[in-house]
Number of protein chains: 2
Amino acid sequence: MKPTSTYEDILNTGYRLFAEHGFEKTSMTMIAKEVKISKPALYYHFVSKEAMIDVLFDEICKSIGFTSFFHIPNYTATNFKERLISDGLNIIAQQKEDENYSRIMHQYQALGFRNMKYSQKLIEVLDGFTSGFAGLLQHGAAIGVIHDTDVLVKAQLLNMIISSIDNFISYGIDCNYEDIWTKAVHTIVMRVEAT
Amino acid sequence: MKPTSTYEDILNTGYRLFAEHGFEKTSMTMIAKEVKISKPALYYHFVSKEAMIDVLFDEICKSIGFTSFFHIPNYTATNFKERLISDGLNIIAQQKEDENYSRIMHQYQALGFRNMKYSQKLIEVLDGFTSGFAGLLQHGAAIGVIHDTDVLVKAQLLNMIISSIDNFISYGIDCNYEDIWTKAVHTIVMRVEAT
DNA sequence: GTCTATAAAAAGATAGAC
DNA sequence: GTCTATCTTTTTATAGAC
């Protein structure tokens, strides 16, 4: 999958430049110059600009599923709430760390409006979070720490809050996201407990 | 602001083509052809492609503020919850109606990563929704229909849910958004009332 | 695997006539 | 206000040598 070091170098540089300037405003010339190789050398590794964008997309999609952040078996009756909060905070921390991630994902989202091959995967990821949260809440109900009412809607609300926090961070809006997520978990999942 | 009919024609066509193909993939030639005028005629009305994109952005921003959807004076003790739900459903209905809107706004959001003149206005709109919801909840607390605890966080959560619903709709994800918003209002704002 | 040189197409924008 | 014709720049991509 990654035979040469140049190949990896190109992918990393492409990731950064595409995030910074967008797909259209990033030319193959720019990438070649940044990697310090010639344009034909670049085309030796990637048959076209689109192919490079697609490989990059596949690589990114590998690491952003629900199961990359939430491991249901780790959730017990005693740690359920704290674990849900901290795993969510983990996503937030990761988004804050790499701001190129949000930028490039917005590019793929825009591409998705015109090409289903992008939107399909993105929808899969989003749906994965909803069903992931639903499974997690179901598990919480099974071990008796939360109510089992409206599980799907609650899962969708959690997914939407996490998605929006990511979005707001990418805008550069300065909120106390940790506080928001914590309160969201309390409000949506733990409404029967004390405030 | 809109002297000629051709001018409006260009703006409407630009809105549609930019939404469908993106800013970069929509050339001035395409727009001219679609409006059935020549390219120089197009440049007579808009000094550059960027100027056209900017005018379009201003026009859109005029109509998407919090106050376009929520009118606090209309909220009374008896209709508070129902009004909050129905005004939100109104936004959802509007997003569903014009799918070009979400598409073009994503383009502006992508531009905002590289040019503050776009992100600033977008952030203003988002912040406007948060402070708008906060004012609305404060009003609700003043007339005694909801608790006045965590008003800002609740406002941010409502904003995030509405933003995400818009986002999910633009992805083409098929949920019962009306149900989600209704439950969100019940859960976040009305948690002391009966389910 | 990498290079120099170059093709081929398309973009934004303008000159100047009507 | 609108046109035909054209300029200038930049883009993706390739031919062919090393």
Side-chain angles (χ1 to χ4, degrees), chain A residues 1-59 103-104 107-108 110-111 113-115 117-118, chain B residues 1-59 103-104 107-108 110-111 113-115 117-118:
Chain A
M1 201 68 89
K2 35 195 133 60
T4 72
S5 172
T6 303
Y7 180 91
E8 296 245 299
D9 204 0
I10 294 171
L11 273 188
N12 290 332
T13 304
Y15 179 84
R16 185 167 50 80
L17 291 183
F18 284 144
E20 284 173 1
H21 310 112
F23 291 135
E24 315 282 347
K25 283 277 198 322
T26 304
S27 68
M28 295 299 259
T29 307
M30 286 169 64
I31 297 173
K33 193 170 289 177
E34 193 81 2
V35 181
K36 294 195 216 309
I37 59 174
S38 68
K39 221 175 350 172
L42 188 54
Y43 275 95
Y44 170 83
H45 292 282
F46 295 92
V47 70
S48 70
K49 185 180 178 181
E50 186 181 2
M52 187 173 160
I53 290 173
D54 289 357
V55 170
L56 216 40
F57 188 49
D58 288 340
E59 293 292 327
R103 291 180 176 208
I104 205 166
Q107 307 284 337
Y108 285 113
L111 284 188
F113 289 139
R114 277 157 267 143
N115 192 327
K117 79 178 164 188
Y118 302 108
Chain B
M1 198 72 88
K2 36 193 132 59
T4 71
S5 170
T6 302
Y7 180 91
E8 297 245 299
D9 204 1
I10 294 171
L11 272 188
N12 290 332
T13 303
Y15 179 84
R16 184 168 51 80
L17 292 182
F18 285 143
E20 283 173 2
H21 310 111
F23 292 134
E24 315 281 348
K25 284 277 199 321
T26 303
S27 68
M28 294 299 261
T29 306
M30 286 169 64
I31 297 172
K33 194 172 289 178
E34 192 81 4
V35 181
K36 294 195 216 307
I37 59 175
S38 67
K39 213 168 8 164
L42 190 53
Y43 275 94
Y44 170 82
H45 292 282
F46 295 92
V47 69
S48 71
K49 186 181 179 182
E50 186 181 1
M52 188 174 160
I53 290 172
D54 289 359
V55 169
L56 217 39
F57 189 49
D58 287 341
E59 294 290 328
R103 292 180 175 208
I104 204 166
Q107 307 283 338
Y108 284 113
L111 284 189
F113 289 139
R114 277 157 268 141
N115 193 325
K117 79 178 166 190
Y118 301 108

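If you're wondering where the values come from, they're calculated on a predicted model, not measured in any experiment. Computation of the quantities below employed the complete heavy-atom set of this structure, encompassing side-chain atoms and omitting hydrogens, waters and symmetry-equivalent molecules. Numbers restart at 1 for each chain; the letters A, B, ... are given by sequence-line order, proteins then strands.
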Who passes side chain to side chain contact (heavy atoms under 4.5 Å, CB included) against B/Phe18, sequence neighbours left out?
B/Phe23, B/Thr26, B/Ile31, B/Lys49, B/Met52, B/Ile53, B/Leu56, B/Ile104
Closer than 4.0 Å, any side-chain N/O of A/Ser38 to the OP1 or OP2 of C/dT2?
no
Working to the nearest 0.5 Å, report the span between OG1 of A/Thr13 and CD of A/Glu34.
6.0 Å
Under the side-chain hydrogen bond (donor to acceptor under 3.5 Å, both in side chains) test, residues paired with B/Tyr15 that sit two or more places apart:
B/Asp98
Taking only N and O in the side chain of B/Tyr44, is any of them less than 4.0 Å away from OP1 or OP2 of D/dT2?
no
For a quick test of reading the model: is some side-chain N or O of A/Thr6 closer than 4.0 Å to OP1 or OP2 of C/dT2?
yes
Taking atom P of C/dA11 as reference, at what distance in whole Å does atom CZ of B/Phe23 sit?
17 Å
List for me each residue that meets side chain to side chain contact (heavy atoms under 4.5 Å, CB included) alongside B/Asn12, sequence neighbours excluded, and say none if there are none.
none
Reading nucleotides 13-18 of chain C from 5' to 3' and marking B where a protein heavy atom lies under 4.0 Å of the base, S where only the sugar-phosphate is that close, and - otherwise, the string is BBB---
Expressed in angstrom and rounded to an integer, what is the separation of A/His45 atom NE2 from C/dC3 atom C1'?
13 Å
Interatomic distance, B/Leu42 CG vs D/dT4 P [rounded to whole Å]:
14 Å
Between P on C/dG12 and CZ on B/Phe46, what's the gap in Å once rounded to a whole number?
15 Å
Whole-Å distance between D/dT10 P and B/Lys25 NZ?
19 Å
Roughly how far, to the nearest 0.5 Å, is CG of B/Leu42 from CE of B/Met30?
12.0 Å
Between C1' of D/dC3 and NZ of B/Lys36, the distance in whole Å:
17 Å
Taking side chain to side chain contact (heavy atoms under 4.5 Å, CB included) as the test, write out the residues that go with A/Lys25, two or more places apart.
A/His21, B/Glu24
Atom NZ of A/Lys33 to atom C1' of C/dT2: distance rounded to whole Å?
17 Å
Do any pairs count as a side chain to side chain donor-acceptor pair (under 3.5 Å) and have a residue in residues 35-44 of chain A, sequence neighbours left out, and if so which ones?
A/Thr29-A/Lys39
A/Ile31 atom CD1 is separated from D/dT11 atom C1', nearest whole Å, by 13 Å
